Amino acid sequence: MLRRIFSYMKQYKKYAYLALFCIAVEVVLELMVPLIMADLIDTGVANADEMYIYKKGIQMVCCAAAALFFGIGSSRFSALAGQGLGANLRKAEYEKLQSYSFTNIDHFRVSSLVTRLTSDVTNIQNSVSTGMRPFGRSPVMLIFATGIAFSINSKLALVFFVALPVLAILLVAIILNVRPLYSKMQSAIDLLNRTIQENLTAVRVVKSYVRGDYETAKFEEANLNLKNESEKAFGISVLNMPSFQFVMYGTILALLLFGGHLVNMGQLKIGELTGFLSYVLLILNSLMMMSNVFLMMTRSLASGARIVEVIDEKIDMTDESAEDISVEKGGIEFENVWFKYKKEAKEYVLSDVSFKIEPGQTVGIIGQTGSAKTTLVQLIPRLYDATQGAVKIDGVDVRKYPMKHLRDAVSVVLQKNTLFSGTVLSNLKWGDDNAVWFTIKACHIACVDEFLDRLPDGYMTKIEQGGVNVSGGQKQRLCIARAILKKPKVLILDDSTSAVDTATEAKIREGLAKELPDMTKIIIAQRISSVRHADQIIILDKGRVNGIGTHESLLAENTIYQEIYESQKEGADL
């Protein structure tokens with residue numbers, strides 16, 4: 001796992017190596033200080049040699065200053081390596097998300113994906129930025145300090161053979177208990193993010209239903225859950241410090257007891273005992289730092305596993321069968337198409353759907369709510385793949401077209417219209433970044449020009465997040481203009497004129513027919529007035545084709561169409 005995560009450090013590895021080099025030099029310099037100090041006491045102080053004391057004092061200052069310089073370097077390089085790793089992980093996750101199909105996205109909650117891109121990555125980059133220094137210092141400090149301690153007095157150093165196993169047992173016990181709790185804590189963050197996201201996204205609904213208290217209670221529940229999970233995890237991890245302090249002070253007391261006895265027997269000098277105690281503190285501090293690194297790594301492993309899940313998600317929709325071909329005309333054919341969202345689902349959403357649309361035709365799709373109209377058109381640009389049967393464009397299975405070209409050739413205006421933060425023009429240029437004169441034509445066809453002059457800055461008017469500063473009808477017309485700008489071979493309008501009046505809808509329909517006669521147009525609608533002028537109308541009922549024909553033929557022969565027509569006629573009369 002760690003090797004996989006650190007493989008994303010790439011160009012920042014040089015900073016990691018520089019950090020480790022600085023850390024190693026810093027540790028060696030720090031280890032020299034107690035040796036110099038012991039020599040200063042046993043020789044300079046014992047012999048009252050003032051010049052010797054000054055000489056050794058200057059050496060200690062130089063070592064400390066150099067250690068400070070390399071310590072600053074190690075911190076800087078560690079930060080660069082950690083932040084670089086975090087940036088590359090976020091980039092890798094985000095790039096993978098762009099290749100996800102709708103099915104892949106359905107495997108994760110949006111709130112969870114946000115947490116994996118932010119909190120989980122932050123855990124890893126902080127572990128590198130703050131953990132590299134103790135990670136590099138601890139083993140070097142442990143090896144050198146232990147070696148020097150044994151060289152000072154091997155008998156006294158035997159105390160470590162009791163202290164080290166006790167420390168190891170405590171560390172292993174803490175890590176084994178805290179690791180699963182970190183995973184639960186990240187899941188609790190997912191839940192909290194989901195609660196916040198839902199509330200902010202649906203804030204108008206919450207306000208209109210006066211459900212602020214309910215949402216506050218729901219947030220408090222999620223917040224309390226995160227608090228409880230965090231307390232469990234950190235409640236165990238904080239035992240690390242008192243456990244090590246207990247062993248540290250116990251070791252120091254044992255050393256003072258045995259060391260004082262050796263001093264009395266003349267087998268150990270006071271300066272050597274002082275230096276030995278300094279190395280003991282260094283050794284125990286290095287072990288404590290190492291234990292903290294292990295705890296950080298434990299949390300990072302939990303976050304790393306969640307990140308790798310996103311990166312390793314198998315893309316169920318690829319260009320493996322794609323050929324170097326392009327959509328020329330835009331004729332569409334469904335051949336015995338069956339579809340369900342999950343393989344394990346018992347029932348099909350679409351069942352044995354077959355029909356044919358000629359290039360340039362305008363086709364209406366109508367049916368009761370839940371008849372799978374939207375699902376049907378999502379199979380054309382391969383937002384989902386048919387479970388059985390074939391969807392063809394110009395007689396070629398859509399799986400044989402490169403997805404990028406296919407989705408450029410098939411423009412979809414979905415039920416939920418989305419505008420991005422920016423200007424009106426930047427939103428329109430999603431359709432074609434290089435469009436100039438055709439932008440004006442597209443806005444005319446979509447009737448955007450009817451309200452454009454009323455906007456404060458015309459094309460340069462700022463669109464707020466989610467398009468909250470434009471009406472529903474204006475948002476729909478902007479989305480239609482954006483889709484037209486792609487100059488697609490197939491244009492799908494999925495109930496995308498529901499917020500405009502019938503007169504404006506008729507203008508849009510007439511503009512599409514007059515200005516873009518060669519474009520195949522599929523219109524999903526609830527109102528018969530939206531599709532009655534289509535070349536053919538497809539009636540969907542519970543995922544099956546119930547009838548195909550013109551407005552006149554269906555009105556004469558199709559029961560479902562007649563019922564819809566009569567209900568809307570009665571509504572109009574009322």
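Everything numeric here is computed off the predicted structure, so don't read it as measured data. Note that these values count all heavy atoms, side chains included, but never hydrogens, waters or copies made by symmetry.
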- Message: Do Gln125 and Ser127 pair up side chain to side chain, a donor and an acceptor below 3.5 Å, judged on atom types alone?
- Response: no

- Message: Looking at every non-hydrogen atom in both residues, tell me the closest pair between Ile366 and Lys373 and how far apart they are.
- Response: C-CD, 3.8 Å

- Message: Keeping Asp394 on the side-chain end and Val396 on the backbone end, is there a donor-acceptor pair under 3.5 Å?
- Response: no

- Message: Are more than 12 heavy atoms, taken from residues, nucleotides or ligands other than Asp457, located less than 6.0 Å from that residue's CG atom?
- Response: yes

- Message: Could you measure the distance from the SG atom of Cys479 to the CD atom of Gln476? Nearest 0.5 Å is fine.
- Response: 8.0 Å

- Query: Taking the six-membered ring for Trp, are Tyr100 and Phe108 parallel (under 30°), tilted (30 to 60°) or perpendicular (over 60°)?
  - Reply: parallel

- Of all heavy-atom pairs between Ala534 and Ile537, which one has the smallest distance, and what is that distance? CB-CG1, 4.3 Å

- Side chains of Tyr565 and His551: donor-acceptor distance under 3.5 Å anywhere? no

- Message: Just verifying a value: how many Å separate Glu505 CD and Leu493 CG, rounded to the nearest 0.5 Å?
- Response: 9.5 Å

- Task: Look at the side chain of Thr497 and the backbone N and O of Val500, then say whether any donor-acceptor pair between them is shorter than 3.5 Å.
- Result: no

- Query: Would you call Asp518 and Pro359 a side-chain contact if the rule is heavy atoms closer than 4.5 Å?
  - Reply: no

- Task: Could you give me the CA-CA distance, side-chain angles and deciding distance for Arg194 and Leu191, then say whether side-chain contact (heavy atoms from CB on, under 4.5 Å) is met?
- Result: CA-CA 5 Å; Arg194 186 180 75 195; Leu191 179 60; 3.0 Å; yes

- Test item: Tyr182 and Leu301 side chains (from C-beta on) under 4.5 Å apart, heavy atoms: no

- Task: Please say whether the positively charged group of Arg211, taken as NZ for Lys or CZ for Arg, lies over the ring of Tyr214, i.e. under 6.0 angstrom from the six-membered ring centre and within 45 degrees of the axis.
- Result: yes

- Note on the structure: Between the CD atom in Glu335 and the NZ atom in Lys356, the distance rounded to the nearest 0.5 Å is 9.0 Å

- Item | Carboxylate-amine/guanidinium contact Glu347 Lys340, below 4.0 Å | no

- Task: Quick one: pull up OG1 in Thr387 and CG in Leu350 and give me the separation to the nearest 0.5 Å.
- Result: 8.5 Å

- For Arg109, does the CZ atom have more than 12 heavy-atom neighbours from other residues, nucleotides or ligands under 6.0 Å away? no

- Does some side-chain heavy atom of Gln536 sit less than 4.5 Å from a side-chain heavy atom of Ile357? yes

- Can you tell me if Asn193 and Ser111 form a side-chain donor-acceptor pair at under 3.5 Å? no

- Message: Could you check whether any side-chain heavy atom of Glu328 comes within less than 4.5 Å of a side-chain heavy atom of Lys489, counting everything from C-beta outward?
- Response: no

- Glu309, CD: over 12 other non-hydrogen atoms inside 6.0 angstrom: yes

- Message: Whether Arg4 and Asp312 form a salt bridge (side-chain N of Lys/Arg under 4.0 Å from carboxylate O of Asp/Glu) is what I want to check.
- Response: yes

- Query: Which atom names give the shortest non-hydrogen contact between Arg306 and Arg116, and what distance separates them?
  - Reply: O-NH1, 2.9 Å

- Name the orientation class of the two ring planes belonging to Tyr401 and His405 (parallel below 30°, tilted from 30 to 60°, perpendicular beyond 60°). tilted

- Report the C-alpha distance between Tyr384 and Tyr341 in whole Å, list the side-chain angles of each, state the deciding distance to 0.1 Å, and finish with yes or no for ring pair (Phe, Tyr, Trp, His ring centres under 6.0 Å). CA-CA 8 Å; Tyr384 290 100; Tyr341 286 104; 5.1 Å; yes

- Expected output: side-chain Gln474 to main-chain Ser471 donor-acceptor under 3.5 Å: yes

- Message: Donor-acceptor pair, distance only, cut-off 3.5 Å: does the side chain of Thr118 make one with the backbone of Val114?
- Response: yes

- Message: What I want to check is whether the side chains of Ser129 and Asn126 have a donor and an acceptor closer together than 3.5 Å.
- Response: no

- Query: Is Ile311 close to Tyr8 at the side-chain level, that is, under 4.5 Å between some pair of heavy atoms?
  - Reply: yes

- Message: Counting C-beta onward and ignoring hydrogens, is there a side-chain heavy-atom pair between Lys462 and Val424 closer than 4.5 Å?
- Response: no

- Message: Please report the interatomic distance CZ(Arg482) to OG(Ser411), rounded to the nearest 0.5 Å.
- Response: 9.0 Å

- Message: If I compare all heavy atoms of Leu379 with all of Asp385, which pair ends up nearest, and what's the gap?
- Response: CD2-C, 4.1 Å

- Name the orientation class of the two ring planes belonging to Tyr348 and Trp338 (parallel below 30°, tilted from 30 to 60°, perpendicular beyond 60°). perpendicular

- Message: What verdict does the salt bridge (Lys or Arg N to Asp or Glu O under 4.0 Å) test give for Arg399 and Glu320, after you've listed the backbone C-alpha separation in whole Å, the side-chain angles of each residue and the deciding distance to 0.1 Å?
- Response: CA-CA 9 Å; Arg399 295 180 181 91; Glu320 289 180 4; over 6 Å; no

- Item | Backbone of Ser303 reached by a side-chain donor or acceptor of Asn123 within 3.5 Å | no

- Message: Could you check whether Lys218 pairs with Glu215 (Lys NZ or Arg NE/NH1/NH2 to Asp/Glu carboxylate O, under 4.0 Å)?
- Response: yes

- Quick check: are there more than 12 heavy atoms from other residues, nucleotides or ligands sitting under 6.0 Å from CG of Asp453? yes

- Query: Within the side chain of Asn427, is there an N or O that forms a donor-acceptor pair under 3.5 Å with the backbone of Leu478?
  - Reply: no

- Query: Between the main-chain N or O of Glu221 and the side-chain N or O of Asn225, is there a donor-acceptor pair closer than 3.5 Å?
  - Reply: no

- Message: Do the side chains of Lys329 and Glu358 get close enough for a salt bridge, i.e. N-O under 4.0 angstrom?
- Response: no

- Task: Answer yes or no: are there more than 12 heavy-atom neighbours, outside Gln98 itself, under 6.0 Å from its atom CD?
- Result: yes

- Would you check if Val363 and Ile538 make a side-chain contact, meaning some heavy-atom pair closer than 4.5 Å? yes

- Shortest non-hydrogen pair, Phe334 vs Leu376, comes out as CZ-O, 3.6 Å

- Task: Compare all side-chain heavy atoms of Leu406 with those of Arg382 and state whether any distance is below 4.5 angstrom.
- Result: yes

- Query: When you measure from the side chain of Asn336 to the backbone N and O of Gln388, does any donor-acceptor pair fall under 3.5 Å?
  - Reply: no

- Ser498 and Gln526 side chains, donor-acceptor separation under 3.5 Å: no

- Query: Taking it one step at a time, do Asp501 and Thr504 satisfy side chain to side chain donor-acceptor pair (under 3.5 Å)?
  - Reply: CA-CA 5 Å; Asp501 58 87; Thr504 303; 2.9 Å; yes

- Message: Between Lys486 and Arg407 (side chain of the first, backbone of the second, donor and acceptor by atom type, cut-off under 3.5 Å), is there such a pair?
- Response: yes

- Item | Value rounded to 0.5 Å, distance of CD1 in Ile5 from CD1 in Ile124 | 4.0 Å

- Item | Candidate pair Asp190 and Ser187, rule side chain to side chain donor-acceptor pair (under 3.5 Å), full reasoning | CA-CA 5 Å; Asp190 286 348; Ser187 297; 4.8 Å; no

- What are the two closest non-hydrogen atoms of Ile380 and Val391, and how far apart are they? CA-CG1, 4.2 Å

- Message: Quick one, Asp494 with Val413, criterion side-chain contact (heavy atoms from CB on, under 4.5 Å). Give me CA distance, side-chain angles, the key distance, then yes/no.
- Response: CA-CA 6 Å; Asp494 185 0; Val413 184; over 6 Å; no

- Message: Just by distance, no angles: are the side chains of Asp541 and Ser371 close enough, under 3.5 Å, to form a donor-acceptor pair?
- Response: no

- Main-chain N/O of Thr115 paired with Ser119 side-chain donor or acceptor, under 3.5 Å: no

- Message: Looking at Lys96 and Glu313, is there a salt bridge between them, counting it only when a charged N and a carboxylate O are closer than 4.0 Å?
- Response: no

- Message: Do Gln361 and Thr520 pair up side chain to side chain, a donor and an acceptor below 3.5 Å, judged on atom types alone?
- Response: no

